[in-house]
Engineer: 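Below are the structure tokens for one structure; questions will follow.
First listed ligand is number 1; within each ligand, the first listed atom is number 1.
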Amino acid sequence: MLYNRKRRLKLDEAERQQMRAAGQFNARLMDEVRAMIKPGVTTNDIDRLISTYTQDHGHRCATLGYAGQHGPYPKSCCTSINDVICHGIPSDYALREGDIVNVDMTSIVDGWHGDSSETFLIEPVSDLARKVTQCSFDCLWAAIDAIKPGSRVSEIGEAICRNARKNTFSVVQEYVGHGVGRQFHQPPTIPHDPTSSPEARRQRLEPGVCFTIEPMINTGTRDTLLSKRDGWTVRTKDGGLSAQFEHTILMTENGPEPLTVPPNGPQRGHKF
Ligand code: MF3
Ligand code: CO
Ligand code: CO
């Protein structure tokens, strides 16, 4: 496809500004989500806020109607709780003390996609829940700090795996980061464990390339189970906890520029 040709993945200055705007919109929305998270709030409540806020600003949610193997995704965000790794579908489930919930959402702003996620702790939480959440956050920032213009894509996953191993946690392989721009998901593929990805060792992060890093870190096995019931929800095979953070990142001539850091949210070095 024409828009997948390698040179088209490098954005010029005007296109970079569009991605900055999309990223910032998504980040501000994450601040709104964080402000409403507390016990008793349902994941449908979260979904409704995201849908309403996005529409009120004249934008669109990329996940709504997104085509999957089992049909279109039905909601405006993903809410993944405890042993759910990703793609949890908002429902009437009310958040409870001790839960960890990842909210992953993608805004389309003037045709450009901003994609990010954050894991929220419904305090008080177990030491293990806090530790796996901290680990996934640290993995994301370790990866951002590990790359520079011209780095190999595989350096992202190598930094993530080093960090996860220190905590004896595992890194999900089946779901990956991705190029992002006019399309929600486009090349390059960004593995969080690059062990079996020769492509990631070949491809380089040149200035102008925009992509996500979104490590899913498990307390137990890395193995995943896709729900037969809804065709979307992905759980840990052993029922262990899973946490995730995601940023959209623009590689510039001066290094990586994270586009989705929320003004009121956790910044590099945050301790949960
Ligand atoms: N937001 C996810 C990502 O980070 C993708 C969700 S696709 C959906 O790439 F259809 F499950 F919503
Ligand atoms: Co996302
Ligand atoms: Co993504």
Engineer: For ligand 1, find out whether one of its N or O atoms is nearer than 3.5 Å to an N or O atom of Tyr66.
Structural biologist: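 Among all N and O atoms of Tyr66, none is under 3.5 Å from an N or O of ligand 1.
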Engineer: CZ of Arg201: more than 12 outside heavy atoms within 6.0 angstrom?
Structural biologist: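 Check passes, neighbour count above 12.
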Engineer: Pull out every atom of ligand 1 sitting under 4.0 Å from any heavy atom of Trp232, numbered as shown with elements.
Structural biologist: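 Close to Trp232: 8 (C), 10 (F), 11 (F).
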Engineer: Kindly confirm or rule out an N or O of Glu214 lying under 3.5 angstrom from an N or O of ligand 1.
Structural biologist: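 The answer is yes, given that Glu214 and ligand 1 share an N or O pair closer than 3.5 Å.
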Engineer: Verify the distance criterion only: is there a donor paired with an acceptor across the side chains of Thr221 and Asp238 at less than 3.5 Å?
Structural biologist: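 On atom types as modelled, these side chains do not qualify, holding no pair under 3.5 Å.
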Engineer: Salt bridge (Lys or Arg N to Asp or Glu O under 4.0 Å), that's the test. Do Asp127 and Arg130 meet it? Break it down for me.
Structural biologist: CA-CA 5 Å; Asp127 290 347; Arg130 191 181 315 281; 5.2 Å; no
Engineer: Applying a strict 4.0 Å limit to heavy atoms, is Asp104 in contact with ligand 1?
Structural biologist: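 Distance cut 4.0 Å: Asp104 passes for ligand 1.
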Engineer: I need the nearest protein heavy-atom contact for atom 5 (C) of ligand 1: residue, atom name and distance, please.
Structural biologist: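 Ranked first by proximity to atom 5 (C) of ligand 1 is Phe184 CZ, 3.7 Å.
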Engineer: Side chains of Glu257 and Thr252 only: does a donor on one sit below 3.5 Å from an acceptor on the other?
Structural biologist: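 Side chains of Glu257 and Thr252: no pair found under 3.5 Å.
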Engineer: Would you find a donor on one side and an acceptor on the other, under 3.5 Å apart, between the side chain of Asn82 and the backbone of Val101?
Structural biologist: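 Such a contact is absent between Asn82 side chain and Val101 backbone.
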Engineer: May I ask whether Met105 places a heavy atom under 4.0 Å from ligand 1?
Structural biologist: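 For ligand 1, residue contact (heavy atoms, under 4.0 Å) with Met105 is absent.
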Engineer: Does His113 reach the main-chain N or O of Arg182 with its side chain, forming a donor-acceptor pair under 3.5 Å?
Structural biologist: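 Answer holds: yes.
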Engineer: So with a 6.0 Å cut-off around CD of Glu253, is the heavy-atom count from everything else above 12?
Structural biologist: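 Yes, because the 6.0 Å sphere around CD of Glu253 holds more than 12 heavy atoms from other groups.
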Engineer: Is it the case that Asn44 and Thr42 place a side-chain donor and acceptor less than 3.5 Å from each other?
Structural biologist: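 Asn44 vs Thr42: no donor-acceptor pair found between side chains.
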Engineer: For ligand 1, which atoms sit closer than 4.0 Å to a heavy atom of His185?
Structural biologist: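 The list of qualifying atoms is 3 (C), 5 (C), 9 (O).
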Engineer: Are Cys78 and ligand 1 in contact, using a heavy-atom cut-off of under 4.0 Å?
Structural biologist: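 Under 4.0 Å: yes for Cys78.
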Engineer: What are the atoms of ligand 1, with element, lying closer than 4.0 Å to any heavy atom of Thr106?
Structural biologist: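 With Thr106 as reference, the close atoms of ligand 1 come out as 1 (N).
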Engineer: Does ligand 1 have an atom under 4.0 Å from some heavy atom of Lys75?
Structural biologist: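 No, Lys75 has no heavy atoms under 4.0 Å from ligand 1.
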Engineer: Show me the donor-acceptor pairs within less than 3.5 Å that the side chains of residues 53-66 make with the rest of the protein, sequence neighbours left out.
Structural biologist:
{"residue": "Thr54", "atom": "OG1", "partner": "Ile50", "partner atom": "O", "Å": "2.6"}
{"residue": "Gln55", "atom": "OE1", "partner": "Ser51", "partner atom": "OG", "Å": "3.2"}
{"residue": "His57", "atom": "ND1", "partner": "Tyr53", "partner atom": "O", "Å": "2.7"}
{"residue": "His59", "atom": "NE2", "partner": "His57", "partner atom": "O", "Å": "3.4"}
{"residue": "Thr63", "atom": "OG1", "partner": "Lys75", "partner atom": "O", "Å": "2.8"}
{"residue": "Thr63", "atom": "OG1", "partner": "Ser76", "partner atom": "O", "Å": "3.4"}
{"residue": "Thr63", "atom": "OG1", "partner": "Cys77", "partner atom": "N", "Å": "3.4"}
{"residue": "Tyr66", "atom": "OH", "partner": "His185", "partner atom": "ND1", "Å": "2.6"}

Engineer: Ring centres under 6.0 Å, that's the criterion: do Phe272 and His270 meet it?
Structural biologist: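 Yes, the ring of Phe272 comes within the 6.0 Å limit of the ring of His270, centre to centre.
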Engineer: Is there a heavy atom in Tyr175 that sits closer than 4.0 Å to ligand 1?
Structural biologist: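 Checking ligand 1 against Tyr175, which is what was asked, there is no heavy-atom contact under 4.0 Å.
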Engineer: What do we get for Asp115 next to ligand 1 when only non-hydrogen atoms under 4.0 Å count, side chain, backbone, both or neither?
Structural biologist: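 The answer is the side chain of Asp115.
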Engineer: Enumerate the atoms of ligand 1 whose separation from the nearest heavy atom of Thr63 is less than 4.0 angstrom.
Structural biologist: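 The atoms of ligand 1 under 4.0 Å from a heavy atom of Thr63 are 12 (F).
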Engineer: Under 3.5 Å, is there a donor on one side chain and an acceptor on the other for Asn102 and Ser117?
Structural biologist: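 Side-chain D/A pair, Asn102 to Ser117: present.
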Engineer: Can you tell me if Gln267 has over 12 outside heavy atoms packed within less than 6.0 Å of its CD?
Structural biologist: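 Count over threshold, so yes.
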Engineer: Keeping waters out of it, list the protein N, O or S atoms under 2.8 Å from the Co ion (ligand 3).
Structural biologist: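 Near the Co ion (ligand 3), the protein supplies Asp115 OD2, His178 NE2, Glu214 OE2, Glu246 OE2.
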